[in-house]
> 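Sharing a structure with you now.
Just so it is clear, the values below take in all heavy atoms, side chains as well, and ignore hydrogens, waters and symmetry mates.
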Amino acid sequence: PVSLRDLKSRPELNGRPALLMEWHASAGRWSVEVAGAREQIRVKPANIALTDMEQINEVGMAIWDASRDGHDRRLAKLLASSPPGPWGDVADGAGSTALAAAASASKNPKCVSLLLPVSDVHKANGFGSNAVHRAAEGGSAECLQLLLDAGGSPHAPDSQGQTPLS
């Protein structure tokens, strides 16, 4: 769960635990379910404090999903409302990072640009494939160039000896 803070219109809820339910991009607010109150309210990201690893993992997976789906506006809001950290390195069950997902699945260079400052461009999944491999496979020349400009190597082999140039 998260903790609510600095609410001006509902100060009695400050410090109360809540669950993130849904991001409303048009309003720039999260719907949260307040623990023990059986109600949902919408709050700004600044009114939410992360309280545990489970919540950090939940935010990380929301970042991963936005990266994969190419939702650059949602990704920007998630990154802006999250504590500093290596969010681009959040991985799915197969070890594919949010940066790799943005470079291959969404092919959205805006997502790649947003993630580069909070990512290790060399981080590989269990098969030795990193974001540069995935961008080359995905066919996005613009994403690939961004990764190369950030220090990614076109010569790094995966676990089968294949490079992004192979």
> What heavy-atom pair brings S67 and A98 nearest, and what distance separates the two atoms?
CB-O, 3.4 Å
> Between V90 and W64, which heavy-atom pair has the shortest distance, and what is it?
O-CD1, 3.3 Å
> What pair of heavy atoms forms the shortest contact from P164 to S153, and how long is it?
CG-O, 3.8 Å
> Could you pull out all residues at least two apart from E142 that satisfy side chain to side chain donor-acceptor pair (under 3.5 Å)?
none
> Could I get the full list of ring-ring contact (aromatic ring centres under 6.0 Å, His included) partners for W30, not counting sequence neighbours?
W23
> In chain order, what residues pass the side chain to side chain contact (heavy atoms under 4.5 Å, CB included) check against D6, with sequence neighbours excluded?
N47
> Hey, could you give me the NE2/NZ distance between H71 and K77, rounded to the nearest 0.5 Å?
14.5 Å
> Quick one: side chain to side chain contact (heavy atoms under 4.5 Å, CB included) partners of L165, sequence neighbours excluded?
P154, H155, T163
> Of all residues at least two apart in sequence or in a different chain, which pass the side chain to side chain contact (heavy atoms under 4.5 Å, CB included) check with A62?
R74, L78
> Got a donor-acceptor contact below 3.5 angstrom from the D158 side chain to the F127 backbone?
no
> What pairs with R10 under salt bridge (charged side-chain N to carboxylate O under 4.0 Å, His left out), at least two apart in sequence or on another chain?
E12, E39
> Please report the shortest heavy-atom distance between A102 and C111, naming the atom on each side.
CB-CB, 3.8 Å
> Grouping I, L, V, M, F, W and Y whenever their side-chain heavy atoms are under 4.5 Å apart, do M61 and L79 come out in a common cluster?
yes
> Carefully, step by step, assess L99 and L147 under the rule side chain to side chain contact (heavy atoms under 4.5 Å, CB included).
CA-CA 9 Å; L99 180 62; L147 294 166; 3.9 Å; yes
> Decide yes or no on side chain to side chain contact (heavy atoms under 4.5 Å, CB included) for L144 and V132, but give the supporting numbers first.
CA-CA 6 Å; L144 180 58; V132 177; 3.7 Å; yes
> Any sub-3.5 Å donor-acceptor pair from T97's side-chain atoms to D89's backbone N or O?
no
> Using the side-chain hydrogen bond (donor to acceptor under 3.5 Å, both in side chains) rule, collect all pairs that involve residues 129-138, keeping only residues at least two apart or in two chains.
S96-R134, S104-R134, N130-H133
> Could you check whether any side-chain N or O of N108 sits under 3.5 Å from a backbone N or O of K110, counting only pairs where one atom can act as donor and the other as acceptor?
yes
> Of all heavy-atom pairs between G88 and L115, which one has the smallest distance, and what is that distance?
CA-CD2, 3.8 Å
> Please tell me if the side chains of P109 and C143 come closer than 4.5 Å, counting only heavy atoms from C-beta onward.
yes
> Could I get the full list of salt bridge (charged side-chain N to carboxylate O under 4.0 Å, His left out) partners for D92, not counting sequence neighbours?
none
> For R42, what residues pass the side chain to side chain contact (heavy atoms under 4.5 Å, CB included) criterion, not counting sequence neighbours?
H24, A27, R29, S31
> Quick one: list whatever passes side chain to side chain donor-acceptor pair (under 3.5 Å) with N125, sequence neighbours left out.
none
> Which atom names give the shortest non-hydrogen contact between L4 and L13, and what distance separates them?
CB-O, 3.6 Å
